[in-house]
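Structure first, then comments.
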Amino acid sequence: MGPHPLDALSADELSRTSALLARERGIDGSWRYASIILREPPKAEVLAWRAGDPIARRALAVLWDKRSNEVYEAVVNLGDDALESWTHVPGVTPNFTVDEYHDCDVALRADAGVRAALDARGIDPELVLFDLWTYGNAVMPPQWRDRRLGWVDIWKRAAPGGNPYAHPVSGLKIVVDVNTMEVLEIDDGHDRGFPEVDAEYVPELRGEAPRTDLKPLDIVQPEGVSFELDGSRIRWQDWEFRLGFNYREGPVLYQLRFKDGEEYRDIAYRMSLAEMIVPYRDSSFDHYRRTAFDIGEWGLGYMCTSLELGCDCLGEITYLDGVLPNTAGEPVVTKNVICLHEEDDAVLWKHVDPDAGTEVRRMRRFVVSVHATVANYEYLVYWRFYPDGNIECEIRATGIMVSTPMEDEAAAHPTGTVIDRRTYAPHHQHFLVARLDLDVDGGGNTVVESDSLPAPISDANPFGLDLNTRGTVIASERDAGRRYDWERQRAWKVQNPGRLNAWGAPTAYKLVPTGSFPAMFDEASPILRRNPVIGNQLWVTRHHDAEMWPAGDYPTQSADDLGNGMSAWIADDEGLVDTDVVLWYVFGIHHITRAEDWPIMPVDKVAFTLKPFGFFDRNPALDAPRSPAKGSGACCAGGAGSCACGHDEAAGGHGEAADGHGGGGHPADHGAGGKTATEH
């Protein structure tokens, strides 16, 4: 397939961008690239583009001079081999990079002061992990707020190859100028030693044999997969969309459409994760600095790891590589960073009719997934597409909790949970912000907040049974921030008032929220001022091409988002009715830590769903095929036909059950005419 305006930058385009900047601006080894990303064309241009039209390819590079700490944005026209703009951006700090993380580790291992501090505590430097973190403005030492400043956590392995996060060096933090890797301060608050903890999770280190009572479970598709990948375009059943990948968001889904009859109907222009904010809710010495903006301060794409068949993804897999720049502007390829595959997902729809028989269809879903390692945590991101028109985004968090030694043995800790001997894990929150640029049947949309309300008892409602819904139009950005209401089972519908379904209602998609929780910050908190987007569970804004990052373009070392984040976007109170709107859904994990999360955390899952609501005139998955019978106890795949498992009517397995309830009375009843199946 030919190129498309939204195709991710190739390795060649990354190299050409840095080569042009070296030629035009003298960029050399004293500079670092924070990022190079596709400068996406304006949305209106992309929507007007047709195959065969010319494509203007542009790259946006963010880089800084390590000597002056000055930050610049460069726009490179790749087709013309020209530098279109070179803009100084004062007063900001770009995202930290993987290269700097490793450079910091090397520098600290060689630093005499750091080695002396470790030696004073009897710590072998070869067993240490140096974990570089960014700062928020409010917790930065004032004398160094003009620097590219990092602070470093220190962890110790019990032995080579052991859990690197097993033993925190409590009370010891290192403050570093990340441009020069100069150690500015060794902040020594206390020394609580190393409690004897059970912190290893690898079976060989635990001396624990894996269980042997599980039989093989194979996922096979002997005729191959059901989806098509053509360039960046993916087609599966009635779905069509494009897939991009960049350093900040990781996977980006573009131009999502669903084929309804002979018509491809628009659902969304662009969907991604735009921010991830993790504040640790513990103001002690070890944790008061610990609020991470993992997407804005580091980049989800930079932290995505290579996936392996049979472990991270199971079945018939198609992998895609990720190509991103390092800090020299050179392309780096992560093999198999995106996994594409189909999964079985139990039943799609079913009904048992004692006369006509059983009709059942199995659910199959198409999955786009990436896994990101963010220091001690792993985030597993799944975008799932369903034959009934649903879209689901699920995040799974796993990895290793931050643990903290206590002064004394205790059964409880006020800001965490005791998880091991003299050790607690602090409570924290994982806020994710999904950017959902929905275009339901086109760009003229209106967002309606839907509440469920019981009607009062009256002559017309004597038993109090009536349940009504009430819709509230989110008319302008003055009302952009919305909160989830459990008692009203609140949801939000994106409607197209210009297109009605067969029953006279506007076509719509509904955001079904889960994983919603309040921020639980005092309004005066500098942590909340820095990222007010977490103060509500939903925001609605009018679409603007430049409005991408809800906590601001440069959240590293930020004090607030007033320059170009959510607060600035809604300040002009633009109208939101029958226009191009963007939803920003804030969800995540309110992690009250538990002992069962230690020493490695089973996945904690959170998801939201975009569900068609009057978008179709009826169930769009009525054409799902019957599944063939499989397995030793299988019979009656659906519809008319004889049972293949040897149970005939003489055995009492067919027809009406003995309890008089037809095919639904026996726990094993199923199949045509209420037939039953018995495991052999």
Just wondering, do L14 and V323 contact through their side chains at under 4.5 Å, heavy atoms? yes

Angle class for the F608/W383 ring planes (parallel below 30°, perpendicular above 60°, tilted otherwise)? perpendicular

Minimal heavy-atom distance between S283 and Y288, with the atoms involved, is O-CB, 3.8 Å

Tell me, with the steps shown, if S272 and R435 meet side-chain hydrogen bond (donor to acceptor under 3.5 Å, both in side chains). CA-CA 5 Å; S272 68; R435 184 183 188 274; 6.0 Å; no

May I ask you to check whether W584 and W569 place their ring centers less than 6.0 Å from one another? yes

Taking 4.0 angstrom as the limit, do R115 and D119 come out as a salt bridge? no

Pairwise side-chain contact, V183 with I174, heavy-atom cut-off 4.5 Å (strictly under): yes

Minimum heavy-atom separation for V402 and P426, please, with both atom names. O-CD, 3.1 Å

Hey, are E394 and R396 close enough for a salt bridge, meaning a charged N less than 4.0 Å from a carboxylate O? yes

Can you list the steps and then say if R270 with E40 is a salt bridge (Lys or Arg N to Asp or Glu O under 4.0 Å)? CA-CA 11 Å; R270 192 183 194 280; E40 294 181 16; 2.8 Å; yes

Ring pair (Phe, Tyr, Trp, His ring centres under 6.0 Å) partners of residues 107-129, not counting sequence neighbours, each pair once: none

Between D188 and K173 (salt bridge meaning N to carboxylate O under 4.0 Å), is one present in this structure? no

Enumerate the residue pairs fulfilling salt bridge (charged side-chain N to carboxylate O under 4.0 Å, His left out) with a member in residues 541-561, sequence neighbours excluded, ordered by first and then second residue. R542-E574

Pairing of R233 and D7 as salt bridge, 4.0 angstrom limit: no

Give me the one residue out of Y280, F293, Y379 that meets ring-ring contact (aromatic ring centres under 6.0 Å, His included) with H430. Y379

Looking only at heavy atoms, which two atoms of L38 and R58 are closest? And how far apart? CD1-O, 3.6 Å

Answer yes or no: is there an ion pair linking R16 with D12, defined by an N-O contact shorter than 4.0 Å? yes

H590 and F431: aromatic ring centres closer than 6.0 Å? no

Are any of the side-chain heavy atoms of I534 and F521 separated by less than 4.5 Å? yes

Go through M181 and V106 one step at a time and tell me if the side-chain contact (heavy atoms from CB on, under 4.5 Å) criterion holds. CA-CA 9 Å; M181 294 302 167; V106 171; over 6 Å; no

Carboxylate-amine/guanidinium contact R290 D153, below 4.0 Å: yes

Looking at E100 and R148, is there a salt bridge between them, counting it only when a charged N and a carboxylate O are closer than 4.0 Å? yes

If we only count heavy atoms from C-beta on, is the V337 to T305 side-chain gap below 4.5 Å? no

Do K335's NZ or CZ and the ring of Y319 fall within the cation-pi criteria of under 6.0 Å and 45°? no

Over all heavy atoms of both residues, which pair between V76 and L83 is shortest? Give the atoms and the distance, please. CG2-CD1, 4.2 Å

Roughly how far, to the nearest 0.5 Å, is the CG atom of D604 from the CD1 atom of I589? 4.5 Å

Do the non-hydrogen side-chain atoms of L273 and I295 ever get within less than 4.5 Å of each other? yes

Tell me yes or no: between the side chains of Y101 and D131, is some donor less than 3.5 Å from an acceptor? yes

Let me see the working for K156 and D124 under salt bridge (Lys or Arg N to Asp or Glu O under 4.0 Å), right down to the final yes or no. CA-CA 8 Å; K156 181 178 78 71; D124 180 355; over 6 Å; no

Is it true that D28 and S30 share a donor-acceptor pair across their side chains at a distance under 3.5 Å? yes

Taking atom types as modelled, find out whether N95 and T556 have a side-chain donor-acceptor pair closer than 3.5 angstrom. no

Contact between L149 and P141 at the side-chain level, heavy atoms closer than 4.5 Å - yes or no? yes

Worked verdict on S170 versus D286 for side-chain hydrogen bond (donor to acceptor under 3.5 Å, both in side chains): CA-CA 7 Å; S170 181; D286 278 326; 2.5 Å; yes

Minimum side-chain heavy-atom gap L307-I317 below 4.5 Å: no

Taking atom types as modelled, find out whether E378 and T398 have a side-chain donor-acceptor pair closer than 3.5 angstrom. no

Closest approach of F241 to L253 (non-hydrogen atoms, all atoms of both residues): CE1-CD2, 3.9 Å

How many angstroms lie between atom CG of L172 and atom CD1 of I186, to the nearest 0.5 angstrom? 7.0 Å

When you compare the side chains of Q429 and R281, does any donor N or O come within less than 3.5 Å of an acceptor on the partner? yes

Would you please test E73 and R39 for salt bridge (Lys or Arg N to Asp or Glu O under 4.0 Å) and show each step? CA-CA 11 Å; E73 293 180 354; R39 179 64 175 263; over 6 Å; no

Looking at E297 and R530, does any basic side-chain N land under 4.0 Å from a carboxylate oxygen? yes

State which residues pass disulfide (SG to SG under 2.5 Å) with C339; sequence neighbours excluded, sorted by chain then number. C313

Taking the side chain as everything from C-beta on, heavy atoms only, tell me whether Y72 gets closer than 4.5 Å to D65. no

For A158 against H167, the heavy-atom pair lying closest together: CB-NE2, 3.7 Å

Verify the distance criterion only: is there a donor paired with an acceptor across the side chains of Y382 and H371 at less than 3.5 Å? yes

Measuring from K66:NZ to T327:OG1, what's the distance to the nearest 0.5 Å? 7.5 Å

If you apply the rule side-chain hydrogen bond (donor to acceptor under 3.5 Å, both in side chains), what do you find for S284 with D282, and how did you get there? CA-CA 6 Å; S284 67; D282 182 331; 2.8 Å; yes

